[in-house]
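This is a predicted model, so every value here is computed, not measured. Throughout, a chain's letter reflects where its sequence line sits, starting with A, and its residues are numbered from 1.
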Number of protein chains: 2
Amino acid sequence: MAKQQASPEAKSAGATIYSVADHAGVSIATVSRVLQGATVVAETTRQKVLAAVEELGYVPLGAARSLAVRHHEAHGLVLPELSGPYYAELLMGFEARAAELAQSIVLVLTNSRTDLAAAVRQLATRVDAIAVFGSPAISADVVRLLRAKKPVVVIAGEPHDGAETIAAENLGSARELAGHVLGHGRRRALFVGDPDSGPDIRNRYAGYVAAHRERGLDAAEPVRVSLSEADGAAFAQRLLDGEYEADALMCANDELALSIMTTLQDAGRDVPGDIAVVGWDDVMTSRYVRPGLTTVRQPVQELGALAANRLHELVSGEPPRSQAQMLPTQLVVRSSCGCPPTH
Amino acid sequence: MAKQQASPEAKSAGATIYSVADHAGVSIATVSRVLQGATVVAETTRQKVLAAVEELGYVPLGAARSLAVRHHEAHGLVLPELSGPYYAELLMGFEARAAELAQSIVLVLTNSRTDLAAAVRQLATRVDAIAVFGSPAISADVVRLLRAKKPVVVIAGEPHDGAETIAAENLGSARELAGHVLGHGRRRALFVGDPDSGPDIRNRYAGYVAAHRERGLDAAEPVRVSLSEADGAAFAQRLLDGEYEADALMCANDELALSIMTTLQDAGRDVPGDIAVVGWDDVMTSRYVRPGLTTVRQPVQELGALAANRLHELVSGEPPRSQAQMLPTQLVVRSSCGCPPTH
DNA sequence: CTGTTAGCGCTTTCAT
DNA sequence: ATGAAAGCGCTAACAG
């Protein structure tokens, strides 16, 4: 059994449904039938076919099937990138659900593309439906273009011209989180992040504002920095330099919060003693740092799974939903907000 | 321009190369020519065709093209999962290079699959070549099976029956890292991780052993735990309970190291004073914890990019390499090993 | 239960 | 520079 395959580079590229049919002494229709498993085939012929398949090492050509069935049996997913746990988890959730639905997934990362529109157009060529993460990098035009041809769902993005949208809840949890911080008696809380970078951050800021309003407090203007470690460190430095005054920082996500908190600590500041810091996302690091980072957990995998599921439903002919779907989030209180450590 | 698309559900599913040709008053061959851009077409007809494409919202059917050109123009990538930065970075590197080569990428995560073999077979159906991460989850059989039909490269796995292999260097850096720890005077260093879980860990352990040998020291048996936070914490607890005695821990990866270090610290142990802890991978968290985790950086993205590149070369007819390709790694010294903090 | 046959939509000679 | 036509490999009626 071991040595009979003499050529190491066999790569019997040949092997079509015809050669299998020949080899088994049946018609191509029969081969197709046993491979699809739908129709009933006599057990004996079935075995003959399977043997031929095995013998020839037949691998069906997906493209031919797709052409015949008029379905790609694949979903597209467009994400900005994969650094940090957020998008990776989204992808895992998406992949898992797509797998259950027997859909392949073809992935496009926009940050690695020079011509995004072309990449997306090319993607549309080989999938039945597309989920795009609603980053500003993906212009509304692209989405609109696609939407006319294929079902599209936008994840955590603007409700583009009617494309179906799904997102995690932001406003309420942000209000709750900000309220929690204010409840520790902080009165100079700053929001760090750019509300214009998308609806997620915009709603988190809105929650921050709402929490202040409810208490008759003034909400400060947001400190507009991007969601990167580098920008976080830079902001922290400006804070240390006295450019800002604050006793609490509500950061747009954990990566920002972590880089800020660490920079502050390394400069001798006490967190949360001198200043509280809270984030958003509950990434792994947030559990490990001391003090543990108070943050908000999003059901990221579920978001991905829901996207895959909706895509499939849309492909199956279900009507699009007009209303955005919203998944609940959860406040995770650790000690960077001023609460006593609990581990 | 805004309201003329009356039906919100246009989805002009129709639009084939025929309808475009009709609409433009040319033959399908001409349409194909302007869309491929290869052959020269009169500028006027070119414009007519483009107009028709625009008008009809024509999106070519990838499957039909694939069938005609006998290429999928897609690469498959099989990864265990995406939690933690390692696989995500690998994927980013792979995707970026594949994008440059104009190859789509279709992704399969094995942890979400109940029938992995079927998933991989199905994958083979729609891509020209496949890169699989060499986890033990992917049986050698599956790889062997594939390899007969499509080019396969194995990333960081056993040199399966001749499938091309690429990996990051482990042995040398592990020897260096272990040597560094021993250089701090530690004499009860334990290796935490299971060498049987694959060649990566096996070689790291081998480096640990080599470093001891070189100094005439005895290397201890590895403490066989899996690469998860949970197992790390459990091991740390057993250590605290006195089940093991050690003044240094060389962990198979950062996640393990981090969970162990944190558990130890929370129990009052001083790292590195009482016990040194080092990891492998240089994940983000390792920069943020205190003390900073001494570890080894792997060129993970490059690994992914190299895989995509080799896949493309193999598809283009280049001969497979018999020798495994190895990328260099780099020791990252912070302070968990006993070195003074430097930030 | 099995075979025949007509496409699926695109690329690519081969003519013109 | 353009058109006609022959497939690419598979599925799905339709007959038998």
Side-chain angles (χ1 to χ4, degrees), chain A residues 12-50 52-53 56-74 102 121-122 124-128 149-150, chain B residues 12-50 52-53 56-74 102 121-122 124-128 149-150:
Chain A
S12 67
T16 71
I17 198 170
Y18 290 98
S19 46
V20 173
D22 266 14
H23 204 86
V26 300
S27 76
I28 60 167
T30 298
V31 175
S32 181
R33 286 187 187 107
V34 348
L35 261 34
Q36 300 312 312
T39 340
V40 188
V41 180
E43 186 54 24
T44 46
T45 45
R46 206 183 118 72
Q47 293 304 337
K48 279 191 302 187
V49 170
L50 259 18
V53 165
L56 268 38
Y58 171 57
V59 177
L61 194 61
R65 159 167 241 272
S66 293
L67 184 55
V69 301
R70 303 151 82 72
H71 265 332
H72 296 282
E73 297 170 310
R121 235 171 353 240
Q122 149 77 10
T125 256
R126 35 170 66 256
V127 299
D128 298 318
K149 308 294 131 213
K150 311 246 171 186
Chain B
S12 69
T16 70
I17 198 170
Y18 291 98
S19 46
V20 173
D22 267 13
H23 204 86
V26 299
S27 74
I28 60 167
T30 299
V31 175
S32 180
R33 286 187 188 108
V34 349
L35 261 34
Q36 299 314 310
T39 340
V40 187
V41 179
E43 185 54 24
T44 46
T45 45
R46 207 183 116 71
Q47 293 305 338
K48 279 192 302 189
V49 170
L50 259 17
V53 165
L56 267 38
Y58 170 57
V59 177
L61 194 61
R65 158 166 243 271
S66 293
L67 183 55
V69 301
R70 303 150 83 71
H71 264 331
H72 295 282
E73 298 170 310
R121 231 165 5 235
Q122 149 77 10
T125 256
R126 34 170 66 255
V127 299
D128 298 319
K149 306 295 133 212
K150 311 246 172 186

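- Map B/R46 and B/A64 each onto its nearest nucleotide of DNA chain D; the residue landing nearer the 5' end is B/R46.
- Nucleotide C/dC10 holds its P atom 14 Å from the CZ atom of A/R126, rounded to whole Å.
- OP1 and OP2 of D/dG7 both lie 4.0 Å or more from every side-chain N or O belonging to A/Y18.
- The shortest heavy-atom contact between A/I17 and A/I28 is CD1-O, 3.6 Å.
- Of the candidates D/dG9, D/dT2, C/dT11, the closest approach to any side-chain atom of B/A42 belongs to D/dT2.
- Under 4.0 angstrom from either OP1 or OP2 of D/dT2 there lies no side-chain N or O belonging to B/S27.
- The nucleotide whose nearest atom lies closest to any side-chain atom of B/R33 is, among C/dC14, C/dG9, C/dT11, C/dC14.
- When distances run from any side-chain atom of A/V26 to the nucleotides C/dG3, C/dG9, D/dT11, the shortest one goes to C/dG3.
- Across the protein-nucleic acid pair, A/H72 atom NE2 and C/dC10 atom P stand 10 Å apart, rounded to whole Å.
- With C/dT11, D/dG9, C/dC1 as the candidates, the nucleotide lying closest to the side chain of A/V40 is C/dC1.
- Remark: C1' of C/dT2 and CD of A/E43 are 16 Å apart, rounded to the nearest angstrom.
- Closest to the side chain of B/L67, from the set D/dG3, C/dG9, D/dT11, is C/dG9.
- Here the closest non-hydrogen pair linking B/T16 and B/Y58 is C-CE1, 3.6 Å.
- Among the nucleotides C/dG9, D/dA12, D/dC10, the one closest to the side chain of A/A29 is D/dA12.
- The phosphate of D/dT11 (OP1 or OP2) has a side-chain N or O of A/S32 nearer than 4.0 angstrom.
- For B/I28, the side-chain atoms get nearest to D/dA5 when compared with the rest of C/dG3, C/dG9, D/dA5.
- Atom pair A/L35:CG and D/dA12:P shows a separation of 13 Å (rounding to whole Å applied).
- B/D128 contributes a side-chain N or O that, together with a main-chain N or O of B/H72, makes up a donor-acceptor pair within less than 3.5 Å.
- When the nucleotides D/dT2, C/dG3, D/dT11 are ranked by their closest atom to the side chain of A/T30, C/dG3 comes out on top.
- Side-chain contact check for A/V41 versus A/V49: every heavy-atom pair is 4.5 Å or farther apart.
- Atoms CG (B/D22) and P (C/dC10) sit 13 Å apart, rounded to a whole Å.
- Remark: the backbone N or O of B/G25 is not paired with any side-chain donor or acceptor of B/K48 at under 3.5 angstrom.
- Note: CD (B/Q36) to P (D/dT2) measures 16 Å, nearest angstrom.
- One can place CZ of A/R65 at 16 Å from P of C/dG9, the figure rounded to the nearest angstrom.
- Put simply, CG on B/L35 and OG1 on B/T30 are 11.5 Å apart, with the number rounded to the nearest 0.5 Å.
- The side chain of A/L61 has D/dC10 as its nearest neighbour among C/dT11, D/dC10, C/dG9.
- Residue-level contact check: B/T45 touches the backbone only, with heavy atoms under 4.0 Å from sugar-phosphate atoms and none from bases.
- Side chain of A/R70, nearest nucleotide from C/dT12, C/dG9, D/dG3: C/dG9.
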